[in-house]
Amino acid sequence: MTETTAPVENQQSQELQSLLTQQRQAYMANPSPDREQRVNDLRTLARMIREHQDDLVKAVSADYGNRSHHETLFAEIFPALDGIKDTIKRLKKWMKPQRRHIDITAFPTSSTKVIPQPLGVVGVIVPWNFPINLSFGPLINIFAAGNRAMVKMSENSRNLTALLKRISGDYFPQDKLVFLEETGGVGIEFSALKFDHLIFTGSGATGRKVMAAAAANLTPVTLELGGKSPAIVGPDYDTDTAVERVLFWKLFNAGQICTTVDYLLLPEEKVEAFVEKAKKVFKKRYPEIQHADYTSVIDEGSFQRIWQTLDDALAKGATAIDLTDGQGSREDPLKKFPAHLLINVSEDMDVMKREIFGPLLPIKTYNSREEVADYINSGDRPLAIYPFTKDKELRDYYIDHVMSGGVSVNNAVLHVGQHDIPFGGVGESGMGHYHGYEGFLTFSKLRPVFYQGPLDPLKLLMPPYGNLANKMMKLMLRLTK
Ligand code: NAD
């Protein structure tokens with residue numbers, strides 16, 4: 001390095017700033033793309049995915065060590081493509097300016113409209129766990145709303161990011177879309193840019209830093225965070241069905257889903273049946289955890305963290321049921337963590353204090369619905385709750401008494417995949433929404449416009465304020481009753 005070369009961080013932030021400037025200038029030159037342009041962007045996004053589908057799937061798997069190809073197709077490629085299709089279908093309705101009512105001050109010839117307009121340049125910060133879904137998902141809403149985007153990927157998505165950086169230029173100019181890798185400190189520089197909106201998906205700890213950096217620019221943020229989402233199996237609910245569904249989601253992506261069932265609340269009398277059925281279901285689905293269907297833990301640090309979580313629970317008196325019958329190894333180069341159920345858990349254990357993000361399922365027993373509601377409400381507001389019951393009153397009790405980002409009833413996670421409902425956390429699990437119409441709104445400025453008509457009733461209210469103005473004010477105030 002010569003003495004005149006700028007330090008790496010400076011270069012980095014200059015490059016980021018220059019990309020932002022390019023995107024902002026392009027936005028200024030075409031601030032409100034019409035529907036045809038937006039649909040074209042969305043179709044191009046779909047083409048980019050379709051033409052590189054196999055490579056995308058392989059890249060994610062390489063980043064994990066092993067990621068089930070089916071799970072990548074099901075939870076990343078399919079929702080992105082289907083989300084694009086759904087958005088194109090609805091976009092005309094979403095973009096239509098809405099006529100609104102007028103008040104007495106505008107009566108009778110003036111009018112109002114609300115026009116959704118693009119915000120400009122949106123920053124997207126992506127975690128590693130569903131890196132295609134969590135980059136393309138926001139991009140669908142961002143492009144539908146007519147914006148441009150800079151997308152910062154995770155340090156754990158190196159292969160995928162290299163691929164996206166290589167191919168995206170064939171589909172979009174960099175003043176429309178650019179992918180950035182995390183090379184140490186980029187995230188910090190990135191969240192300090194003066195975006196028109198910033199959407200962050202990741203942990204609460206990082207979310208706080210991102211929000212603090214954005215605050216300096218008054219950049220609005222959407223934070224998609226994590227937490228401990230419980231499944232609550234009601235006394236009436238069929239235990240076998242609960243096992244089938246809870247285990248599917250707990251083991252999908254090896255438990256590394258923000259909305260996975262973090263822990264289970266179960267009536268005491270159901271525990272034995274649940275455990276026995278879980279052993280059978282697991283054996284049938286994953287006879288060998290070295291099989292490609294069983295996803296790896298993302299990195300060595302996370303792998304060891306989950307082992308420590310298990311050790312901590314055992315040391316504090318939990319009973320562990322190893323569903324794999326001892327197939328796991330702490331030295332496994334593929335980092336396949338053996339699925340365990342944990343019973344007799346207590347609040348001092350890490351497994352009950354922190355988001356697990358791995359294939360450990362603690363089972364906590366309860367005696368009444370009030371006890372369940374009090375327990376969940378005493379912690380951070382979760383990203384989701386999953387009541388399993390056919391009793392409508394009990395179902396609604398949980399929906400009414402326990403606040404969470406979202407709810408799936410008699411299953412888990414599925415509300416996240418529905419295009420026509422918003423997705424987002426509340427409290428510690430996040431703020432703001434995306435997906436569907438609410439996502440379109442998140443990345444739009446709802447522009448209220450007042451159109452003065454030929455008749456102007458305010459003329460009657462202008463100074464010098466005399467009798468006429470008094471009468472008018474009296475009438476107006478009377479009409480408020
Ligand atoms: P993370 O918070 O460590 O990282 C997320 C992203 O932020 C990465 O791109 C990372 O490089 C970047 N980053 C790290 N430090 C930064 C900083 N100081 N400034 C700006 N950016 C920074 O999270 P992770 O380990 O990648 O993902 C796991 C977490 O994400 C879990 O808590 C999970 O629940 C949550 N998550 C939430 C959702 C959701 O939709 N709500 C979805 C997936 C994951």
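Side chains included, hydrogens not; waters and symmetry mates left out as well; all remaining heavy atoms used. Atoms within a ligand are numbered from 1 in the order they appear, just like the ligands themselves.
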#### Entry: Sub-4.0 Å atoms of ligand 1 with respect to non-hydrogen atoms of Gly226
34 (O)
#### Entry: atom 27 (O) of ligand 1 [closest protein heavy-atom partner, distance rounded to 0.1 Å]
Pro127 CB, 3.4 Å
### Query
Against heavy atoms of Lys209, which atoms of ligand 1 measure under 4.0 Å?
18 (N)
### Query
Glu182 heavy atoms, cut-off 4.0 Å: which ligand 1 atoms fall inside?
11 (O)
### Query
Of the backbone atoms (N, CA, C, O) and the side-chain heavy atoms from C-beta on, which set of Glu224 has a member under 4.0 Å from an atom of ligand 1: side chain, backbone, both, or neither?
both
### Query
Counting from 1, what ligand 1 atoms have a heavy atom of Met153 closer than 4.0 Å?
9 (O)
### Message
Below a 4.0 angstrom heavy-atom separation, can you tell me which part of Ile188, side chain or backbone, both or neither, approaches ligand 1?
### Response
both
### Sub-3.5 Å N/O-N/O distance, Thr201 and ligand 1
no
### Summary
the protein heavy atom lying closest to atom 34 (O) of ligand 1 turns out to be Glu355 OE2, 2.5 Å
### Any donor-acceptor N or O pair under 3.5 Å, side chains Tyr375, Glu370
no
### Identity and distance of the protein heavy atom lying nearest atom 39 (C) of ligand 1
Cys258 SG, 3.3 Å
### Summary
Looking at Thr260, Ile125, Asp262, the heavy atom closest to atom 12 (C) of ligand 1 belongs to Ile125
#### Entry: Close-contact set for ligand 1 against Phe357 heavy atoms, below 4.0 Å
28 (C), 31 (C), 33 (C), 34 (O)
### Pair Arg148 + Asp175, salt bridge at N-O below 4.0 Å
yes
### Query
What residue and heavy atom of the protein are closest to atom 40 (O) of ligand 1, and at what distance?
Phe423 CE2, 3.2 Å
### Message
Ignoring hydrogens and geometry beyond distance, is a side-chain donor-acceptor pair present between Thr21 and Ser18 at under 3.5 Å?
### Response
no
### Task
Assess Gln256 for proximity to ligand 1: is some non-hydrogen atom of it under 4.0 Å away?
no
### Summary
Residue, atom and distance of the protein heavy atom nearest atom 35 (C) of ligand 1 read Gly202 O, 3.3 Å
### Message
Salt bridge check, Glu300 against Lys335: does any charged N sit closer than 4.0 Å to a carboxylate O?
### Response
no
### Query
So is Lys152 polar-close to ligand 1, meaning N/O to N/O under 3.5 Å?
yes
## Note on the structure
Counting heavy atoms under 4.0 Å, the part of Leu383 that contacts ligand 1 is side chain
### Message
Using a strict threshold of under 4.0 Å (side-chain N to carboxylate O), is an ion pair present between Glu428 and Arg208?
### Response
yes
### Message
Any salt bridge linking Arg67 with Glu76? Criterion: basic side-chain nitrogen under 4.0 Å from a carboxylate oxygen.
### Response
yes
## Note on the structure
One finds that the ligand 1 atoms under 4.0 Å from a non-hydrogen atom of Val126 are 6 (C), 8 (C), 9 (O)
### Query
Are Asp86 and Arg90 ion-paired here, with the side-chain N under 4.0 Å from a carboxylate O?
yes
### Query
Closest non-hydrogen protein atom to atom 15 (N) of ligand 1, residue and atom name please, with distance?
Thr206 CG2, 3.3 Å
#### Entry: Check: Tyr286 ring centre within less than 6.0 Å of His291 ring centre
no
### Query
Is the number of heavy atoms from other residues, nucleotides or ligands within 6.0 Å of NZ (Lys353) greater than 12?
yes
### Summary
Check: of Ala212, Ser203, Ala214, min heavy-atom distance to atom 29 (C) of ligand 1 comes from Ser203
### Message
Tell me the contacting part of Phe130 for ligand 1: side chain, backbone, both, or neither, using a 4.0 Å heavy-atom threshold, strictly below.
### Response
neither
### Message
In this structure, is the centre-to-centre distance between the rings of His70 and Phe74 below 6.0 Å?
### Response
no
### Message
Could you check whether atom CZ of Arg47 has more than 12 heavy atoms from other residues, nucleotides or ligands sitting under 6.0 Å from it?
### Response
yes
### Query
What's the shortest distance from atom 20 (C) of ligand 1 to any protein heavy atom, and which residue and atom give it?
Gly187 O, 3.1 Å
### Query
Without hydrogens or angle criteria, can the side chains of Lys270 and Thr239 be said to hold a donor-acceptor pair below 3.5 Å?
yes
### Task
Could you tell me whether Leu225 and ligand 1 have an N or O pair separated by under 3.5 Å?
yes
### Query
What atoms of ligand 1 come within less than 4.0 Å of a heavy atom belonging to Asn129?
43 (C), 44 (C)
### Query
How close does the nearest protein non-hydrogen atom get to atom 10 (C) of ligand 1, and which residue and atom is it?
Glu155 OE1, 3.5 Å
### Task
Answer yes or no for Lys364 and Tyr263: cation-pi contact, defined as NZ/CZ to six-membered ring centre under 6.0 Å and angle to ring axis within 45°.
no
### Message
Between ligand 1 and Phe190, can you find any atom pair, the residue atom being a heavy atom, that is separated by under 4.0 Å?
### Response
no
### Task
State the atoms of ligand 1, each with its element, that fall below the 4.0 Å cut-off from a heavy-atom position in Leu134.
42 (C), 43 (C)
### Message
Can you see whether Phe143 has Lys176 sitting over its ring - NZ or CZ less than 6.0 Å from the centre and within 45° of the normal?
### Response
yes
### Task
Could you give me the CA-CA distance, side-chain angles and deciding distance for Tyr386 and Trp249, then say whether ring pair (Phe, Tyr, Trp, His ring centres under 6.0 Å) is met?
CA-CA 11 Å; Tyr386 302 123; Trp249 287 113; 8.7 Å; no
### Task
Not counting sequence neighbours, which residues clear side-chain contact (heavy atoms from CB on, under 4.5 Å) with Asn129? List them please.
Tyr64, Pro127, Leu134, Asn253, Phe357
### Message
Taking a cutoff of less than 4.0 Å between a non-hydrogen atom of the residue and any ligand atom, is Ser191 in contact with ligand 1?
### Response
yes
